[in-house]
Number of protein chains: 2
Amino acid sequence: MKIAEVSERYDISLDTLRYYERIGLIPPVNRNKSGIRDYSEIDLKRVEFIKCMRSAGLPIDVLVEYVGLVKQGDKTIEARKGILKEQREQLLVKMDEMQKTLDMLNYKIEVYENAVLKKEKEII
Amino acid sequence: MKIAEVSERYDISLDTLRYYERIGLIPPVNRNKSGIRDYSEIDLKRVEFIKCMRSAGLPIDVLVEYVGLVKQGDKTIEARKGILKEQREQLLVKMDEMQKTLDMLNYKIEVYENAVLKKEKEII
DNA sequence: TTATCACTTGGAGTTGACTCCAAGTCAAGT
DNA sequence: ACTTGACTTGGAGTCAACTCCAAGTGATAA
């Protein structure tokens with residue numbers, strides 16, 4: 001699969017896909033004889049994984065380190081697990097903060113609804 | 001309350017507190033006769049609100065607009081409610097993405113746990 | 001009174017993550 | 001043969017959100 005189709009399928013820009021590969025966030029993709037990227041099924045899985053991780057805000061440098069470890073084989077499984085566990089902890093913290101923000105937003109919106117209601121009562 | 005104590009209490013740097021005020025994310029804080037900021041209870045509430053919103057990633061320009069509307073009084077209540085509702089929608093989307101990422105992380109970590117277990121079995 | 005220290009300002013610099021650009025290559029259609 | 005269009009590269013530019021810096025001020029302690 002060529003880069004344009006990958007870009008379309010995952011809604012990631014061409015530039016970003018090439019950028020990810022350049023910095024090692026995705027291992028080098030195979031090329032045809034004229035040097036054009038041809039994404040394999042495995043490449044697509046990798047793109048999907050990175051998209052998922054990035055969408056939650058996992059930092060690029062951490063993901064680059066993780067991908068580097070994967071390349072080194074089974075002896076890095078413990079290290080990889082450690083990275084993912086650490087990121088999971090941080091994600092849980094962020095989700096908790098977001099829940100608090102959501103609570104705050106819900107509260108404020110409700111206050112505004114009531115303010116509007118009160119005005120309507122005054123008018124009628 | 002002086003800026004150092006506010007910084008300490010909310011874990012926001014001095015520079016960031018001043019930056020927030022400069023760009024209008026927090027209305028001007030009162031000063032004593034020598035020009036030093038003296039945060040009131042209301043100022044602290046505002047700092048806390050902004051910290052909460054920022055911790056969930058609400059963009060600064062949106063918050064600046066919101067704070068500007070608050071300054072303009074009750075006639076902007078509908079507009080403010082609109083902003084908060086829009087941000088709430090986006091927050092829900094982000095939380096959903098994070099949940100998916102969390103599921104993925106949990107799955108991967110479990111796979112690694114099993115890989116380690118399998119190795120241990122081989123050894124024993 | 002002199003040094004220290006927390007504060008002030010305007011402006012410049014940094015960071016992370018893209019995003020854009022110019023110049024070049026290749027395969028396919030007219 | 002020539003044009004078009006999708007691809008390639010290295011490198012520069014952008015953006016949001018800080019973060020740092022230098023120079024200055026005023027209150028307090030030795």
Side-chain angles (χ1 to χ4, degrees), chain A residues 1-40 43 46-47 49-67 83 87 90-91 94 97-98 101, chain B residues 1-40 43-44 46-47 49-67 87 90-91 94 97-98 101:
Chain A
M1 187 180 295
K2 287 201 205 160
I3 196 167
E5 202 179 340
V6 180
S7 167
E8 177 105 346
R9 176 186 295 196
Y10 294 106
D11 195 31
I12 302 174
S13 81
L14 302 170
D15 274 319
T16 298
L17 282 169
R18 289 191 279 247
Y19 165 68
Y20 282 175
E21 188 176 340
R22 178 160 32 150
I23 63 172
L25 199 47
I26 292 167
V29 173
N30 278 338
R31 311 302 184 95
N32 65 19
K33 52 274 170 200
S34 48
I36 289 176
R37 288 176 183 81
D38 181 18
Y39 288 77
S40 69
D43 292 325
R46 287 166 176 165
V47 168
F49 174 69
I50 292 299
K51 183 186 163 131
C52 177
M53 295 301 118
R54 288 291 309 126
S55 79
L58 272 71
I60 281 188
D61 55 358
V62 171
L63 294 172
V64 167
E65 193 195 347
Y66 177 80
V67 169
I83 289 175
Q87 293 306 310
Q90 300 205 15
L91 186 53
K94 266 199 278 183
E97 285 174 346
M98 288 196 166
T101 304
Chain B
M1 186 180 297
K2 285 199 206 163
I3 196 166
E5 203 179 339
V6 180
S7 167
E8 177 105 347
R9 176 185 295 194
Y10 294 107
D11 196 30
I12 302 174
S13 81
L14 301 170
D15 274 319
T16 299
L17 282 168
R18 290 190 279 248
Y19 165 68
Y20 281 177
E21 187 176 339
R22 184 165 21 154
I23 63 172
L25 200 46
I26 293 166
V29 172
N30 278 338
R31 311 303 184 93
N32 67 19
K33 51 274 170 198
S34 47
I36 288 175
R37 288 175 183 81
D38 181 19
Y39 288 78
S40 69
D43 292 325
L44 295 183
R46 287 166 176 167
V47 168
F49 174 69
I50 291 299
K51 182 187 164 131
C52 178
M53 294 301 118
R54 286 293 304 127
S55 79
L58 272 70
I60 281 189
D61 55 358
V62 171
L63 294 170
V64 167
E65 192 194 348
Y66 176 80
V67 169
Q87 293 305 309
Q90 301 206 14
L91 186 52
K94 266 198 278 183
E97 285 175 346
M98 288 195 165
T101 305

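Numbers restart at 1 for each chain; the letters A, B, ... are given by sequence-line order, proteins then strands.
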For residues 53-64 of chain B, which side-chain N or O atoms pair as donor and acceptor with protein atoms under 3.5 Å away, sequence neighbours left out?
residue: B/R54; atom: NH1; partner: B/L58; partner atom: O; Å: 2.6
residue: B/S55; atom: OG; partner: B/C52; partner atom: O; Å: 2.8

query = Taking for each residue the nucleotide of DNA chain C with the nearest heavy atom, is it A/S13 or A/K33 whose nucleotide lies nearer the 5' end?
reply = A/S13
message = Looking at B/R37, I'd like to know whether one of its side-chain N or O atoms comes within less than 4.0 Å of OP1 or OP2 on C/dC7.
response = no
inquiry  = Assuming nearest nucleotide by heavy-atom distance, tell me which of B/D61 and B/S34 is located more 5' along DNA chain D.
reply    = B/D61
task = Take atom CD1 of B/I3 and atom C1' of C/dT9, then tell me their distance rounded to the nearest Å.
result = 12 Å
inquiry  = Expressed as a whole number of angstroms, how long is the span from B/I12:CD1 to D/dA17:C1'?
reply    = 13 Å
task = Check whether any side-chain heavy atom of A/L17 lies under 4.5 Å from a side-chain heavy atom of A/Y39, and answer yes or no.
result = yes
query = Which is true for B/L14 with a 4.0 Å heavy-atom rule: it touches a base, it touches only sugar-phosphate, or it touches nothing?
reply = nothing
Distance (rounded to the nearest 0.5 Å) between B/K51 NZ and A/T101 OG1 = 11.0 Å
ask   = For residues 12-24 of chain B, which residue pairs qualify under side-chain hydrogen bond (donor to acceptor under 3.5 Å, both in side chains), counting only residues two or more places apart or in two chains?
value = B/S13-B/T16, B/E21-B/R37
Interatomic distance, A/K2 NZ vs D/dA6 C1' [rounded to whole Å] = 7 Å
inquiry  = Any donor-acceptor pair, under 3.5 Å, between the side chain of A/D15 and the base of C/dC18, if you only look at N and O atoms?
reply    = no
key: Sub-4.5 Å side-chain heavy-atom contact between B/I12 and B/V6   = no
Atom CG of A/D11 with >12 non-hydrogen neighbours under 6.0 angstrom = no
Between P of D/dA6 and CD1 of A/I36, the distance in whole Å = 12 Å
task = Specify the residues of residues 16-31 of chain B, ordered by number, for which at least one heavy atom lies under 4.0 angstrom from an atom of DNA chain C.
result = B/R18, B/R22, B/R31
request  = Can you tell me the distance, in whole Å, between the CE atom of A/M53 and the C1' atom of C/dA17?
outcome  = 18 Å
Non-hydrogen atoms of A/V47 and A/I26 that approach each other most closely = CG2-CD1, 3.7 Å
Length of the OH-C1' vector between A/Y39 and D/dA6, whole Å = 14 Å
message = Rounded to whole Å, how long is the line connecting atom CD1 of A/I50 with atom P of C/dC18?
response = 11 Å
query = Rounding to a whole Å, what distance do you find between B/D38:CG and C/dC7:C1'?
reply = 13 Å
